[in-house]
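Comments concern the structure below.
Keep in mind it's a predicted model, so treat the numbers as computed, not measured. Each ligand, and each atom within it, is numbered from 1 in the order the structure gives. What's counted below: heavy atoms across the whole structure, side chains too, no hydrogens, waters or symmetry copies.
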Amino acid sequence: MIRLDKFIADMGEGTRQEVKKYIRQGRVFVDGVPAKKPELKIDETKQKVFFDQREIRYRQFEYYMLNKPAGVVSATEDFADRTVIELIEERRRKDLFPVGRLDKDTEGLLLITNDGALAHRLLSPRHHVDKCYYARVEGIVTGEDKRRFLEGVNIGTQDMPEQTAPGKLEILAVDKQQGTSEILLTIQEGKYHQVKRMFETVGKKVCYLRRESMGSLMLDKDLKPGQYRRLTDEELKSL
Ligand code: URA
């Protein structure tokens, strides 16, 4: 059960104060009857709520897959830059957040939701969720790098070591003339700038980074950077 004003405000129709006004103005109907009391308790699974003749369906959680473009920040608010939340134009809930952070210049899969329990499961190191990244790297990536990543590398300093868990490195292509490589790296952690710092330990520089997957969730190839869609029921179930 949920208060009528909260029901309508949660679905993005206005602030609680605005919604209270709409209700008092008689613009809201519950099961065909005008509802004048903002504090009326609604069974959100059964009762039908109409606002200005439009049915408002209650959804507790929203789940969006975003192909994050470079240049926006993985935050809910920022005074200087556009945030990933602002890209989700059809968002209803005001409590959406990105599940984990990608750097401002990183592209790729970012889950946007207000489901805190799911976010915790995906991010907690205890749950060992694979995150796979595609990168273009300056330098020739070698079998030796693969071996070192598999052992874990120190992305901190000698005085303040920060050891990574094993990472699985796959070399997709090497351009000896240009001195560049394309790779996939799968890690289960999300330390600050982790992929970039792992490559720095082997003397190489990541020049393009994109997240391809997180657990069972794969970046939809039809989504261009900046585009998003709702998760399908199957994707949600498999998470
Ligand atoms: N590793 C990085 O270095 N940057 C990201 O955005 C994600 C992983």
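Ion pair R92/E62 not flagged as a salt bridge, since none of the NZ, NE, NH1 or NH2 atoms sits closer than 4.0 Å to an Asp/Glu carboxylate oxygen. A salt bridge links E235 with R229: the closest approach of a Lys/Arg side-chain nitrogen to an acidic carboxylate oxygen falls below 4.0 angstrom. Using a 4.0 Å cut-off between charged nitrogen and carboxylate oxygen, E170 and K146 do not count as a salt-bridge pair. Contact check on D52 versus R27 returns a salt bridge, with a Lys/Arg side-chain nitrogen under 4.0 Å from an Asp/Glu carboxylate oxygen.
Listed by chain and number, L102, D103, T106, Y133, H193, Q194, V195, K196, L209 each place a non-hydrogen atom less than 4.0 angstrom from ligand 1.
Ring orientation note: the planes of F199 and F149 are nearly perpendicular, at an angle over 60° on the 30°/60° scale.
By the side chain to side chain donor-acceptor pair (under 3.5 Å) test, K20 pairs with no residue at all, sequence neighbours left out.
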